[in-house]
Amino acid sequence: MTITTATPPVRRASVDLARGFLTGGVLGTSLAAVVVGIVIERVPPVVTGLGLASAYGLLVFLSGVPRRLREAAVAPRTALAVIEGLEVVGSEDTDVPVRFDLTVAPDGAPAYRVETTQHVHVSDLPDHRPQGVLVVQYPPDRPAQVRIVRRPTPEWEERAAEARIDSAPGPALVSDPPEGSAAGFATLLGLLLGAAAVVLLFRAELFDQGGEVRRPSSKPSVSSTSSTTTVTSASGTVALGSDRSLLDEGELRRAVDLLLKDKKTHHAVTLVAQERRLTVIFVSSGSAVPHFDLRSLPYDRIPGLVETARTTLGVKAPRTWHLTAYRITGPLTLRVTVTGSEGTASMEADGRGRVVRRSPVR
């Protein structure tokens, strides 16, 4: 039979750019307010920054409720698909993420190619092989968001067993927005502008009349050929050498222990880890600001969380990643954010390192 490709849905680029800029502005303003408040030893900026982040997160969640309700009300479309290729891209206990290259053949519509990543139980991997026919489902208005049906109805299972599907020509559709890099730039721009606005607002308290930066009581910096450590009464930073990474075995725990070595507290407002840089904002244990114990972090699971975020959220070639540990009102939250040419995606885990929420690139 003759196979043609489907036309991908048109995305609203301006909406994505505006959402990215607003998200970056809120994040930059919130983080800068927390840091500035601690540096100048004033509680209101810290509370305002944390409150702003919480309110924005709640607003984003509530604004997405109508869309999720509409999507739930629309029945997904079921179709057959043939596996053109597959690749295991990670490992998570008994379920492993697998990237599939599929030809989807909907009833009464042209076939098309699509790439999707889905978790498959290790015992089911032998059942997924090239040229095998599967049953899939997808929203009618978003054919790129294909999900493999693990337990199809007997009717569809029989159709899959008897079907022969020709390959559709590429390129494959993906759920990633083509303007992902532009949205990522808008997020970065908003973050920088938000942070700059807070610094300008409190510049009189951050800088004295002579133009020098206000300095809290601090200990001298310690430098070596492989890393640099800077510790103050309010924050601490560890910068590793180019031959090391915080994802190396035990490296993140050693970096935190280095910051705690001469501190009288092991409580923090937030921890931010990147490839070779760690930043911790400390707080006294009796402070009213929400905080967490640095010793309670699941250090052994963090490299796996970062790898999972890099391979399962739709960012094919992540350029950067960062992990943020914080506690606002409830329990400790670990958020891993990855950025690539496709855009920015994130994943959240609880205090034990168990994944509780994924926000892939859309």
Side-chain angles (χ1 to χ4, degrees), residues 8-13 15-20 22-24 27 56-57 60-61 63-65 67-68 70-72 74 76 81 86-93 95-102 104 112-120 136-150 171-188 302 304-324 333-350 353-362:
V10 178
R11 294 185 57 89
R12 297 175 298 173
V15 175
D16 291 337
L17 291 175
R19 184 184 297 115
L22 180 60
T23 300
L27 290 176
Y56 182 72
V60 170
F61 173 79
S63 65
V65 170
R67 175 181 56 83
R68 289 190 291 269
R70 289 195 303 270
E71 293 176 352
V74 177
L86 71 163
E87 177 186 3
V88 177
V89 295
S91 177
E92 293 182 15
D93 300 328
D95 286 340
V96 295
V98 180
R99 182 183 297 123
F100 290 93
D101 182 2
L102 304 173
V104 181
Y112 61 94
R113 290 284 286 271
V114 65
E115 286 187 1
T116 183
T117 299
Q118 185 163 333
H119 284 69
V120 178
V136 299
Q137 289 184 336
Y138 59 89
D141 60 337
R142 290 193 300 279
Q145 294 189 3
V146 171
R147 303 301 297 172
I148 297 172
V149 180
R150 295 188 178 183
L173 298 177
V174 293
S175 58
D176 306 330
E179 56 278 326
S181 58
F185 176 78
T187 302
L188 177 60
I302 287 177
L305 290 175
V306 174
E307 182 62 22
T308 299
R310 296 173 66 177
T311 56
T312 65
L313 298 179
V315 181
K316 297 181 180 179
R319 293 194 297 264
T320 61
W321 66 267
H322 69 267
L323 166 81
T324 305
T333 299
L334 305 176
R335 177 188 289 270
V336 182
T337 303
V338 293
T339 302
S341 59
E342 298 84 2
T344 300
S346 64
M347 182 180 73
E348 292 185 4
D350 60 17
R354 297 174 299 190
V355 177
V356 297
R357 185 177 295 105
R358 301 172 188 268
S359 301
V361 175
R362 294 186 180 276

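Checked by atom type and distance alone, the side chain of Thr312 never pairs as donor or acceptor with a backbone atom of Pro97 at under 3.5 Å. In terms of modelled atom types and a separation under 3.5 Å, the side chain of Thr23 and the main chain of Gly20 share no donor-acceptor contact.
At a threshold of 4.5 Å between non-hydrogen side-chain atoms, the residues Gln137 and Arg147 do not count as touching. For the pair Arg319 and Ser341, the minimum side-chain heavy-atom distance is below 4.5 Å. Between Leu323 and Leu305, the closest side-chain pair of non-hydrogen atoms is not below 4.5 Å. With contacts defined as side-chain heavy-atom distances shorter than 4.5 Å, the pair Arg358/Thr308 qualifies. Residues Thr187 and Thr344 have side chains not in contact (no heavy-atom distance under 4.5 Å, counting atoms from C-beta outward). Contact check for Tyr138 versus Val104: side-chain heavy atoms found under the 4.5 Å cut-off. Side-chain contact check for Thr324 versus Thr337: every heavy-atom pair is 4.5 Å or farther apart. Within the 4.5 Å cutoff, no side-chain heavy atoms of Val315 are placed close to those of Thr339.
Expressed to the nearest 0.5 Å, how far CG of Asp350 lies from OG1 of Thr333 amounts to 8.5 Å. Interatomic distance, Met347 CE to Arg357 CZ, rounded to the nearest 0.5 Å: 12.0 Å.
For the pair Ile148 and Gln118, the tightest heavy-atom approach, listed with the atom from each and the gap, is N-OE1, 2.7 Å. Shown here for Val146 and Val136, the closest heavy-atom pair between the two residues is CG1-CB, 3.6 Å. Of all heavy-atom pairs between Val336 and Ala309, the closest is CG1-CB, 3.6 Å. Across every non-hydrogen atom of Leu313 and Ala345, the tightest pair is CB-CB, 3.6 Å.
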Evaluate side-chain contact (heavy atoms from CB on, under 4.5 Å) for Val120 paired with Phe100, printing each intermediate quantity in order.
CA-CA 11 Å; Val120 178; Phe100 290 93; 4.0 Å; yes

side-chain contact (heavy atoms from CB on, under 4.5 Å), that's the test. Do Tyr56 and Leu22 meet it? Break it down for me.
CA-CA 10 Å; Tyr56 182 72; Leu22 180 60; 3.8 Å; yes

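Partners of Arg150 under the salt bridge (Lys or Arg N to Asp or Glu O under 4.0 Å) rule, at least two apart in sequence or in another chain, do not exist in this structure.
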